[in-house]
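Just below is one structure, and these are the notes that go with it.
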Amino acid sequence: MIRTRFAPSPTGFLHVGGARTALFSWAYARRHGGRFILRVEDTDLARSTPEAVQAIFDGMRWLGLAHDEGPFYQTQRMPRYREVIAEMLAAGTAYHCYMQPDELDRLRAEQREQGRKPRYDGRWRPQPDKHLPAPPAGIEPVVRFRNPADGVVAWEDLVKGRIEFANSELDDLVIARADGSPTYNFCVVVDDWDMGITHVIRGDDHVNNTPRQINILQALGAQVPLYAHLSMILGDDGQKLSKRHGAVSVMQYDDAGYLPEAVLNYLARLGWSHGDDEIFSLQQFCEWFDLDHITPSAAQFNSEKLNWLNAHYLRRCDAGRLADLVRPRLAARDVVVGETPSLAAIIELHRDRVGNLNELADVAEPFYIDLQPRSELLARHLTPETLPLLDDFAARLGEVPWQAAAIAALIKECVARHGLKMPKLAMPVRVLLTGLEQTPSVDALIALFPRATALERLARAGRLASPATDAAA
RNA sequence: GUCCCCAUCGUCUAGAGGCCCAGGACACUACCCUUUCACGGUAGGUACCGGGGUUCGAAUCCCCGUGGGGACGCCA
């Protein structure tokens, strides 16, 4: 049984990198009928917050990535960590170290100066023929893992291939602080072990932790899971994402009017591929997803492609669902959505001309408010040339069957009778009905309104046209 | 500094020795459609980081450069 996990540390929101890691872990479990476990790595008390935990859950829920087990919290597993540390101390795979932080700092600075890799020198590490000094009084020791002194640690990374580290490169890392609290690399190992994780799918930045974790796992006699390290996602500009630079919460995509399926599809395609396929459902993704087709190199986020995908999903999404998603956005603008025209009908007519839900709200808004077209637009389109045509058209619109086709016929007829081009009528109608110069074809637009509303908005032509124009007309 | 990773169009990528003088998608340009703006359709340009090998043959394998990234915490 395949068991994967997503293990965020709750120090901020769920950003795109984390979301993709979660997606891949989730999909891998789905694909193989396995289990997907959510684990909150909150051992850093100073930086972890309940708000951040909630933000991560919110992001996962928005994306629809449900976990099968958990969430587990590392802060609730302290007794278990202490137990394992005691066992390791007893077994001699870990030992007490009394070196003080400032001493360590000095050592590291020295090493760096000499061009060497800064690392603990093993002074408290017990050796067969070594005489350890007596523990200094009044100092609480840390616990260090006794890393193998030589040989290599290697694993077959499912994304990057074989990776090998010399044990001589690794020092004895601290697994418990002076206050007894366990450290990250140790907790991860115990958790992955206890939770029976078979595939660790995580960010690239953990490659350097992996050899240490494998060594601890082996010291514990635990089964070593398989690892897949995903390369990072860069910002639109090729720069690393950070809090102050482009790292946005997935929930900001919700705010910006993106559909979760568009974000998911985009993320799936970032660093993974299935031949030339670009657009596919989550379900299709689960059937196709494998670790063999993940790119080992970093990927740059491309908003334009996300926009394209979002527009695509907007076009094929159920109009009723879109209406439900747009309604709160209109409410946030204090726009009261009326009975007619129905929001779904407006959306149906506009969906293939917009890129996101907010733009959908933009085009829906004029239907429900007391519209005041901008004067320069009126001036531009309500001209002496067009006003008679407009009047004539408005007058006859009262009798025509209320369907786009019939209205279209009337438009053509009026335009022809006045010897003018189509836009001479279409443009002022657009502005009078919606306040916009760009709308769907006017026949369909008019048909969307109740007849009385359409007539009323068109009737304002005379009132709104400037006196000078009136006189001229 | 040391260790580790990465390297195909502007971007995401296909490509696992001949199917590739490199394919798809986004973006871009032109044209078509057209009641404005879009959508859509058609066409087009742009890439294998450099140098050495291996091989009859390399984008694909090896080595060396170069460039980018990551890690070196009693953070996660």
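Just so we're on the same page: letters track the sequence lines, and every chain starts at 1.
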Sugar-phosphate means primed atoms, P, OP1 and OP2; the rest is base. With that split, encode nucleotides 24-36 of chain B 5' to 3' as B, S or - using protein heavy atoms under 4.0 Å.
-> BBSS-------BB
From the list A:Asn310, A:Asn358, A:Asn307, side-chain hydrogen bond (donor to acceptor under 3.5 Å, both in side chains) partner of A:Tyr258 resolves to A:Asn307
Using the C1' atoms only, state how far B:C32 lies from B:C48, rounded to an integer number of Å.
-> 35 Å
How are the rings of A:Tyr253 and A:Phe301 set to each other: parallel, tilted or perpendicular (split at 30° and 60°)?
-> tilted
For atom C1', what is the distance between B:A71 and B:A76, given to the nearest Å?
-> 13 Å
Please give the nucleotide sitting opposite B:A14 as a Watson-Crick or G-U wobble pair, both distances under 3.5 Å, or none.
-> none
Among B:A76, B:C74, B:C12, which is the nearest nucleotide to the side chain of A:Ala299?
-> B:C12
Rounded distance in Å between the C1' positions of B:C20 and B:U8 = 12 Å
How far does the P atom of B:C6 sit from the matching atom of B:C63, given to the nearest Å?
-> 12 Å
Just by distance, with hydrogens left out, do A:Asp443 and A:Ser441 show a side-chain donor and acceptor under 3.5 Å apart?
-> yes
Just by distance, with hydrogens left out, do A:Asn265 and A:Glu261 show a side-chain donor and acceptor under 3.5 Å apart?
-> no
Testing A:Arg123, A:Arg125, A:Lys117 for salt bridge (Lys or Arg N to Asp or Glu O under 4.0 Å) with A:Asp121, which one passes?
-> A:Arg123
Within the structure shown, what part of the strands sits under 4.0 Å from A:Val174 by heavy-atom distance: base, sugar-phosphate, or nothing?
-> sugar-phosphate
Across all chains, not counting sequence neighbours, the salt bridge (charged side-chain N to carboxylate O under 4.0 Å, His left out) partners of A:Asp102 are A:Arg106
Could you check how far CG of A:Asn147 sits from C1' of B:G73, rounded to whole Å?
-> 16 Å
Using 30° and 60° as the class limits, which term best fits the ring planes of A:Phe186 and A:Tyr81: parallel, tilted or perpendicular?
-> perpendicular
Base-pairing mate for B:G1 - Watson-Crick or G-U, with both contacts under 3.5 Å = B:C72
Report yes or no: is the cationic atom of A:Arg77 (NZ for Lys, CZ for Arg) closer than 6.0 Å to the six-membered ring centre of A:Tyr73, at no more than 45° off its axis?
-> no
Out of B:A76, B:C4, B:G40, whichever nucleotide has its closest atom nearest the side chain of A:Asn208 | B:C4
Any luck finding a side-chain donor-acceptor pair between A:Tyr95 and A:Asp172 under 3.5 Å?
-> yes
For nucleotides B:A30 and B:G67, find the distance between their P atoms and express it as a whole number of Å.
-> 39 Å
Side-chain-base donor-acceptor pair under 3.5 Å for A:Asn209 and B:A76 | yes
Base paired to B:U35 (Watson-Crick or G-U; both N/O distances under 3.5 angstrom) = none
If we call it a pair only when both distances are under 3.5 Å in a Watson-Crick or G-U wobble match, what pairs with B:A7?
-> B:U66
Kindly label the base of B:C62 as syn or anti, based on whether its glycosidic torsion lies within 90° of 0.
-> anti
Tell me: NE2 of A:His229 to C1' of B:C5, nearest whole Å?
-> 11 Å
To the nearest Å, give me how far apart CG (A:Asp237) and C1' (B:G69) are.
-> 15 Å
Could you measure between the two C1' atoms, the one in B:U55 and the one in B:U60, and give it in whole Å?
-> 13 Å
For B:U42, which nucleotide is its Watson-Crick or G-U wobble mate, given both distances must be under 3.5 Å?
-> B:A30
Rounded P spacing from B:C26 to B:G69 in Å | 30 Å
Taking atom C1' in both B:C72 and B:C64, what distance in whole Å separates the two?
-> 26 Å
Tell me which nucleotide among B:C74, B:A14, B:C4 gets nearest to the side chain of A:Arg108.
-> B:C74
What nucleic acid atoms does A:Arg119 come within less than 4.0 Å of, heavy atoms only: base, sugar-phosphate, or nothing?
-> nothing
Counter-base of B:G57, judged by Watson-Crick or G-U geometry with both distances under 3.5 Å | none
